[in-house]
Amino acid sequence: MSRLEKALEKASKMRDEKKEERKAEKSVSNTEVIYRPGTEGSLKIDNPYLITVTEPDSPISEEYRKLKSLIVKLTKGDKFYNTIMVTSTLKGEGKSITALNLAITLAQEYDHSVLLVDADLRKPCVHEYLGINPKIGLTDCLVNGAEISDAFIPTGIGKLVVLPSGSRVSNPAELLSSNMMRELVKELKNQYVDRYIIFDIPPILPFAEAHSIGNIVDGVIFVVREGYVPLNNLKEALNMLKDSNILGIVYNNVEIDQFDSYYYYNYYRSYYSDKKNKY
């Protein structure tokens, strides 16, 4: 069993062991590397953007469940396409929020473990949305040889485990384009054929990371914020992904006039093309 296999198995079991561990533990050391959730093995989520946790019965959460169902349909078949990259044209379009809520919904409602990797090394934010303060993460594993098991954070949200971004690096594009990163993605994919691995990647137009990772993952979810990106920039970004398998587009921040109420709802609609259709 490889080091990564042992690490992910350990992380997947951690949530179920929390209650028994607490009976034997009087306290948790402040120097402990792996984050210990505060209540019944679960993170306390109060960030309103993680609406699949804070408002699971809302219309937006229902849209994420539709997105989850479409992803499962597109990735399950004779072969399981389990490595997925989430990106956008520019920053501010909601890619990280989409990656988080999709990962949460998959982990809650489908019989899969989910590993969410914060690979946006330029502006990591997964840990901020979840309200955690990790000591190490992806970069520490790639650069400093840290044990990946020490970087995993079991959230207690279904079967969701998070690999945070880690320490800041001066060369994020080079690191994510390196053979070390490629080998990490390949090993995760090949060793864990029964679980989803979702990568939150920097926007494609200003940075090179999405192009590099897009060529080695099984599929890409492309987030587009309504009225935010000029059409020529959107076409350019999609053209840069022409050799990647674009599963589809999440059309984000759409304002819908609800004629039977006094409110407007901003919610996520998911529009998917056939998996064989290349943009």
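FYI, the numbering just counts along the sequence from 1. Given the structure is predicted, the values throughout are model-derived calculations rather than measurements. These values consider heavy atoms only, across backbone and side chains, with no hydrogens, waters or symmetry-generated copies.
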(message) Against T75, only a single residue in L70, N82, L247 fulfils side-chain contact (heavy atoms from CB on, under 4.5 Å); can you say which?
(response) L247
[X] (side chain) donor-acceptor with [Y] (main chain) under 3.5 angstrom:
| X | Y | value |
| --- | --- | --- |
| D118 | V126 | yes |
| N101 | S61 | no |
| R122 | P172 | no |
| N47 | Y49 | yes |
| Y228 | K91 | yes |
| N252 | E93 | yes |

(request) For atom NZ of K189, decide whether the heavy atoms of other residues, nucleotides or ligands shown that lie under 6.0 angstrom number more than 12. (result) yes
(message) Cation-pi check for F80 against K76: NZ or CZ below 6.0 Å from the six-membered ring centre and within 45 degrees of the axis, yes or no?
(response)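 Output yes; distance and angle both within limits.
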Compare every heavy atom of [Y] with every heavy atom of [X], then report the nearest pair and how far apart it is.
| X | Y | result |
| --- | --- | --- |
| M180 | L175 | CE-CD1, 4.0 Å |
| S88 | K95 | OG-CD, 3.8 Å |
| V114 | A107 | CG2-N, 3.7 Å |
| T87 | P202 | OG1-O, 2.9 Å |
| T89 | N233 | CG2-O, 3.7 Å |

(message) I need the full list of salt bridge (charged side-chain N to carboxylate O under 4.0 Å, His left out) pairs touching residues 228-240, with sequence neighbours left out, sorted by first then second residue.
(response)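 As it turns out, there is no salt bridge (charged side-chain N to carboxylate O under 4.0 Å, His left out) pair with a partner in residues 228-240 once direct neighbours are skipped.
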(request) Applying side chain to side chain donor-acceptor pair (under 3.5 Å), name anything that partners T139, two or more places apart in sequence or on another chain. (result) none
(message) Just so I know, are the side chains of I197 and V117 near enough to count as touching, which here means a heavy-atom distance under 4.5 Å?
(response)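 I197 reaches V117 side chain to side chain.
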(message) Taking D218 first and then K79, would you say they form a salt bridge - that is, a charged N and a carboxylate O separated by under 4.0 Å?
(response)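 No, D218 and K79 are not salt-bridged.
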(request) Establish whether I246 and M240 are linked, either directly or via other cluster members, by ILVMFWY side-chain heavy-atom contacts under 4.5 Å. (result)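 Cluster IDs for I246 and M240 match.
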(message) Hydrophobic cluster membership, with links at side-chain heavy-atom distances under 4.5 Å among I/L/V/M/F/W/Y: are L50 and V223 in one?
(response)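 In one cluster with L50: V223, yes.
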